Amino acid sequence: MQLNIRLNTEAVADTSASDALKDASKRKQASNETLDEAWVRILSGKHSDSDLRKLHEVKRAMSEGIIGREPLKVGKKSMPKFSKAEALRIWSQLSEMQRESKLAELVANTPSNYVLVTDVGELKALVDRAMNEPIIAVDTETTGLDVYVDVIVGVSLTLPIENVHYYIPFEPTNDERALPAEHIEILRPLIEGTSVKKVLHNALYDMAMFRRHGIELLGVAWDTQHAMHMLNENESDTTPNKPYALKHLATKYLKEPSDTFGELFGRGAKFAEIPLDIALVYGAKDTDLTWRLYEFQSQHLAKYPEMYEYYTTVEVALLYVILDLEENGYILDLDFAKQYGQQLAEQAESLKAWIIEFISPYHEGEDVINLNSGQQMKPALSKAIGKELPNLDAKRTLKPLKDKHEVIAKLLEYKRITKLSGTYIDTLPTKQHPKTKRWHSRFNPMGTVTARFSSGKDDESSVEQFNVQNQPYDARKMFVAPKGKVLVSADFKAQEIRCVASMSQEPALLEAFKLGRDPYAMLAMQYTGLPYEQVNKNPDGSDTEWRKKMKVAWLAWLYGASDFTLGDWLGTTKTEAGKFMGELKESLPTLSAWLDGNVDFVKRNGYVWMHKNQRKRRLPAAKWKRKFINGDYNDPKFATERIHNGKISGALRMATNARVQGSSAIQTKVTMVKSHEYCKTREGWALWATVHDELIFEIPDDFTREDIEAIRKLMTDSYTFEGVENGTDIEVMTVWGEGMTPTEWFKSKEETG
DNA sequence: ATTCTGAGCCAC
DNA sequence: AAACGTGGCTCAGAAT
């Protein structure tokens, strides 16, 4: 059999006429092939993981007689050779059959406490009963995934005391029993009432959908998706695809096998068109599972009172902040973007022409060289400058060569411009929401393992969203304040260093913030014994060498960089860098002990705590044993061991960084909640954005000095680290990034009258 | 034609 | 021996 396979493969490759006879005899052979032989032939080929899985499913189903080969096509005399393509077509047929039988089974086994509500009187009575429950589970089904356009087609409610799960279909559900859309009003007192608390899975979505109907979902007490992330931020390690989907969590934690919407109905299915008997069992199961997940999670989290308190008072309250932040969105100056984009395009074009002319003689391909292709550019550029380049990394490889070679200087500028226009200036204008006419970002509170926000596009949403947290300075100029308003940005001055000062109680750092001095200079003073002024700023206002060096060492320390890397950063040898770090540790014993303590803790426990035990970062690899490698470390046969050991090193590096980054994120989040509360008391005030250590407000442009003072107080007083005062820098802008101090603002206002 | 991955680079 | 933490987007090139 092995031999046959090899011959077959060769036959495909060799099409010369002399082999025609051989081919014919082989075809005959193939037609006599048994199904088992065909499977061996097909499975011995190269397949993707998903194809391989499908092929095995089909093979099993065929051997169990669940499904057979495709029927003979009309007009054909004999069965074609069994092929991979046919097997995959059979798989589609099979999965359709399975989906249908699964749905039938679901409906047949609808629990007796799942109730479909299609009568106005029944709905009113249900709301009355729900008002007597202390806490319920809520979920919505909708026409689509655009929270500014789509509408609710059904609401699920779980009443835990009554122990009944309801599904209430509304128009435009495609069934005459669905309630008229306006009857969603009957739910208003329940949804807007704060006496009945609510549990949801991914609450932000349902909050936004109710808002579409003019109903505010108030009293949210728990989000089972968000809470799961608090309980295990590493869920994707075990469930790579949509790890926080309700159905996956139910399958894993409630031992309740469940299918996602897509698995059950296929991609692109519309909920409004699903028959009501199926909609009931699916919809009611949603809040049923959400409620059970809530019980499981709250019992577990209650064992950690600080985490419980933090989750329920900060992260849950934050949902309302995010809802407003995302809905408020941004306004872009499209005229500016267009003009700026044209200017960049012209610059890019002339640079491109010059570089192509210069580099073409060194390019081996037939087509014109693509300047964006590393594969083409690396060899061509290496030849052009007569030096083998390891990569095309702008910062590390190209920048040091730019003064020697004009082509590299021009290439760097070309890369900068095309990145700027391609990712930002030309792209962002296309993402305006057709209905709201604004640009909407996303602030994902479970997007990072450290508690920071991530920003970008929500996979589930059909709203065009963008990452607002990585906009470069030149792109920020497109963002303008709404008419009659200004943007006021306030950052936490040296947030992470203050956090470390407090957590470590390092005297040099505590002293720095007490005296209002520069922390890096204070560390340098401690290390060198030189006077403060001498290690801080030069007479011309620039940083001293010592301050610069200390800033780099600080980062290396916090990120757990090796001596090798620090040497690279400082432009010294590994040995020199190691000596420097050693001496630095000796001169700062308290800070040093704190850093070592973090590593000890994570090695013993496999996790670290963020400020006041409010969140955990789980780093299980920190507890692993290193795998001993006897021989050449780079030998490919040790790949598994290297990866294993690398994970341990990574976990140890992350221990300190997670504590610092996470604790700082907690400070930012608490400040956001308080700022949002404050904005609600002020006409025309709103939060506009957050970028890790920075909050940006939008406020009416006739603001006063007292208003600025109020923002300052929100920043400095909302959340403090013991023993360290907060600091903030405030700027006023009408265009993002083009700021002035409040003093300058008021001065220019007086001058212009 | 669509989906995935890696390189590279934007932010803090 | 390896060698910097947290993210997201674009493009090229490959895989499907």
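Any value given below was found using the heavy atoms of this structure, including those in side chains, with hydrogens, waters and symmetry copies removed. Here is the naming used below: chain letters follow the sequence lines, and residue numbers restart at 1 for every chain. Keep in mind that what you see is a predicted model, and the values were worked out from it rather than measured.
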Note: [X]-[Y] ion pair, threshold 4.0 Å (strictly below):
X        : Y        : result
A:Lys242 : A:Glu235 : no
A:Glu233 : A:Arg618 : yes
A:Arg442 : A:Asp458 : yes
A:Glu413 : A:Arg416 : yes
A:Asp333 : A:Lys477 : no

Base, sugar-phosphate, or nothing for [X], non-hydrogen atoms under 4.0 angstrom?
X        : value
A:Glu694 : nothing
A:Ala658 : nothing
A:Thr418 : nothing
A:Ser455 : sugar-phosphate
A:Gly374 : nothing

Between [X] and [Y], what is the shortest heavy-atom contact and its length?
X        : Y        : answer
A:Leu389 : A:Lys378 : O-NZ, 3.4 Å
A:Pro429 : A:Trp439 : O-CZ2, 3.7 Å
A:Thr728 : A:Ala490 : OG1-CB, 3.7 Å

Answer yes or no: does a side-chain N or O of [X] lie under 4.0 Å from OP1 or OP2 of [N]?
X        : N      : answer
A:Gln471 : C:dC9  : no
A:Arg653 : C:dG5  : yes
A:Ser562 : C:dA2  : no
A:Lys415 : B:dC9  : yes
A:Ser649 : C:dA3  : no
A:Asn372 : C:dA12 : yes
A:Asn370 : C:dA12 : yes

* Want to settle it: does A:Tyr559 or A:Phe466 sit nearer the 5' end of DNA chain C, counting the closest nucleotide to each? ->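 Between the two, 5'-proximity favours A:Tyr559.
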* Contact nearer the 5' end of DNA chain C, comparing A:His692 with A:Asp632 ->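 Here A:Asp632 is the residue nearer the 5' end.
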Given [options], which nucleotide is nearest the side-chain atoms of [X]?
X        : options               : value
A:Arg642 : B:dC12, B:dC10, C:dA2 : C:dA2
A:Arg476 : B:dC12, C:dT6, C:dA3  : B:dC12
A:Val449 : C:dG5, C:dA12, C:dG7  : C:dG7
A:Pro472 : B:dC12, B:dC10, C:dT6 : B:dC10
A:Lys574 : B:dC9, C:dG5, C:dA3   : C:dA3

* Asked: Any donor-acceptor pair under 3.5 Å linking the side chain of A:Gln471 with the backbone of A:Asn467?
  ->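 Yes, because the side chain of A:Gln471 sits within donor-acceptor range (under 3.5 Å) of the backbone of A:Asn467.
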* For A:Leu558, does its backbone N or O pair with a side-chain atom of A:Thr656 as donor and acceptor, under 3.5 Å? ->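 Between the backbone of A:Leu558 and the side chain of A:Thr656 there is no qualifying donor-acceptor contact (under 3.5 Å).
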* **Donor/acceptor link under 3.5 angstrom from A:Lys419 side chain onto base of B:dC10** =>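 A donor-acceptor contact between them is absent.
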* Hey, does the side-chain of A:Arg416 have a donor or acceptor N/O within less than 3.5 Å of a partner on the base of B:dC9? ->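 Not at all, since no donor on one side and acceptor on the other fall under 3.5 Å apart.
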* How far, in whole Å, is C:dA3 from B:dA7 if one measures between their P atoms? ->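 Taking atom P in both B:dA7 and C:dA3, they lie 13 Å apart.
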Let me know the distance between [atom1] of [X] and [atom2] of [N], rounded to the nearest Å.
X        : N      : atom1 : atom2 : value
A:Phe453 : B:dC12 : CZ    : C1'   : 14 Å
A:Ile643 : C:dA1  : CD1   : C1'   : 14 Å
A:Leu420 : C:dT10 : CG    : C1'   : 13 Å
A:Trp557 : C:dA3  : CH2   : C1'   : 19 Å
A:Gln375 : C:dC11 : CD    : C1'   : 12 Å
A:Gln469 : B:dC9  : CD    : C1'   : 17 Å
A:Leu570 : C:dA3  : CG    : C1'   : 14 Å
A:Glu496 : B:dA11 : CD    : C1'   : 13 Å

* To do: Give a yes/no verdict on a cation-pi contact between A:Lys647 and A:Trp624, requiring under 6.0 Å between NZ or CZ and the six-membered ring centre and an angle within 45° of the axis.
  =>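 Checked: cation-pi criterion not met.
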* **Pairing stems for DNA chain C [at least three consecutive pairs; Watson-Crick or G-U; under 3.5 angstrom]** =>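 Stem list for DNA chain C: B:1-12 with C:5-16.
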* Asked: Hey, do the aromatic rings of A:His440 and A:Phe466 have their centres closer than 6.0 Å?
  ->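 Not close enough - the centres of the two rings lie 6.0 Å or further apart.
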Review item, nucleotides 2-7 of chain B N/O atoms under 3.5 Å of protein N/O:
none

